[in-house]
There are 2 protein chains.
Amino acid sequence: MGRGKIPIKRIENQTTRQVTFSKRRAGLLKKTHELSVLCDAQIGLIIFSTTGKMCQYCTEGYRRQKVSGTCIPEHDNREHLYNELAVLRKETRRLQLSMRRYTGEDMSSIPFEELDQLEHELERSVIKVRERKV
Amino acid sequence: MGRGKIPIKRIENQTTRQVTFSKRRAGLLKKTHELSVLCDAQIGLIIFSTTGKMCQYCTEGYRRQKVSGTCIPEHDNREHLYNELAVLRKETRRLQLSMRRYTGEDMSSIPFEELDQLEHELERSVIKVRERKV
DNA sequence: GCGCCTATATATAAGAG
DNA sequence: TCTCTTATATATAGGCG
């Protein structure tokens, strides 16, 4: 769809990825809305970008699915749970980005100024590994 | 999209509605998958037809997040929340260990047999950084 | 209902300003 | 970056079996 065809795999260029995200998210929200109206269906859609931004669509009567098999403490408040989820999600995202940085998986998103520093960090890690080996 | 244009309002003919539902649901699932892969986004989608049938799509690492200050939906169930917390905690833990491994922070916990592999991984990362620098 | 088909409507990738 | 454009790629309405 568009001037060229693109393979369905993670878009490496960060700028392109962001642009595509915005466009396709808008498209997805529109299609979601259309399906719910045309076919009178209940739909819930929630999207998180890599930057952690969230957006969602849900119809009035939308109900989430029930999962069984987990033990739940009697007393607890959901607000607390939601907060914990938010914190954990943020931390997970941070760790994912750090890992990508270290494995060189998403080199394109790293500013040139930071490359030297990253190189040194990696070299230090290599040295530590070698020390451990002897 | 199709032989004719249809207005976005509930399709009255039940047969047509059902057909359109099936077709558009498939399209929506596809687009959802594409967005999640292309843009590395976490997405949850759940669809209920009028006949009560349910189908859903969600990415591996999909986590719902509630930003503080946002109202919490009535129909949320704690069981589901606890499941999500459990999965998220596990993932965070896994990432933390990976990071420690890469930074050499906790070298003592790495078995000797894995040191060679780690060393190579790090060297590859260094090479990627140097390639990026030129 | 489900596939498959085909003309048409939409979505969107890549440019341009 | 952001908006607008436009050539292409996709989605899908309406049919048929």
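Per chain, numbering begins at 1; letters A, B, ... match sequence-line order. Computed over heavy atoms, backbone and side chain alike; hydrogens, waters and symmetry mates excluded. In this text the structure is predicted, and so the values were computed from the model without any measurement.
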Revision key, fill the gap. note: B/L29, atom CG; D/dT12, atom P; distance rounded to Å ~ 11 Å
Exercise for review: Would you kindly say whether B/Q14 and B/Q18 are connected by a side-chain donor-acceptor distance under 3.5 Å?
Suggested key: no
Exercise for review: Would you classify B/T15 as touching base, sugar-phosphate or nothing, given that sugar-phosphate means primed atoms plus P, OP1 and OP2, and contacts are heavy atoms under 4.0 Å?
Suggested key: nothing
Exercise for review: Using whole Å, report how far CG of A/L28 lies from C1' of D/dT10.
Suggested key: 14 Å
Check your understanding: Is B/R101 paired with B/E114 through a side-chain N to carboxylate O contact shorter than 4.0 Å?
Key -> yes
Point to revise | Pair of N/O donor and acceptor under 3.5 Å linking D/dA13 base with B/K23 side chain | key: yes
Exercise for review: Classify the side chain of B/R3 versus the base of D/dT12 as yes if they form a donor-acceptor pair under 3.5 Å and no if they do not.
Suggested key: no
Exercise for review: Could you tell me the separation between the CZ atom of A/R25 and the P atom of C/dA11, rounded to a whole number of Å?
Suggested key: 16 Å
Review point. For B/N13 and D/dG14, what is the distance between atoms CG and C1' respectively, to the nearest whole Å?
Key: 12 Å
Check your understanding: Is any side-chain nitrogen or oxygen of B/T20 closer than 4.0 Å to OP1 or OP2 of D/dA13?
Key -> yes
Point to revise | Candidate nucleotides C/dG1, C/dA13, D/dT12, ranked by approach to the side chain of B/Q18 - the nearest | key: C/dG1
Study note, to complete from the structure: Checking D/dT10, C/dA14, D/dA13 against the side chain of B/K31 (C-beta onward), the nearest is D/dT10
Point to revise | Atom-to-atom span, CE of B/M1 to P of C/dT6 - whole angstrom | key: 20 Å
Check your understanding: Rounded to the nearest Å, what distance is computed from the CD1 atom of residue A/I6 to the C1' atom of nucleotide C/dA14?
Key -> 11 Å
Review point. So do the side chains of B/V37 and B/H33 get within less than 4.5 Å of each other, counting heavy atoms only?
Key: yes
Check your understanding: Taking only N and O in the side chain of B/K5, is any of them less than 4.0 Å away from OP1 or OP2 of D/dA13?
Key -> no
Exercise for review: Considering only NZ, NE, NH1 and NH2 on the basic side and carboxylate oxygens on the acidic side, decide whether B/E123 and A/R130 come within less than 4.0 Å.
Suggested key: yes
Review point. Any luck finding a side-chain donor-acceptor pair between B/Y102 and A/E121 under 3.5 Å?
Key: no
Revision key, fill the gap. In whole angstroms, the gap separating C1' of C/dA11 from NE2 of A/H33 amounts to 17 Å
Review point. Rounded to whole angstrom units, what separation is found between the CD1 atom of A/I11 and the P atom of C/dT12?
Key: 12 Å
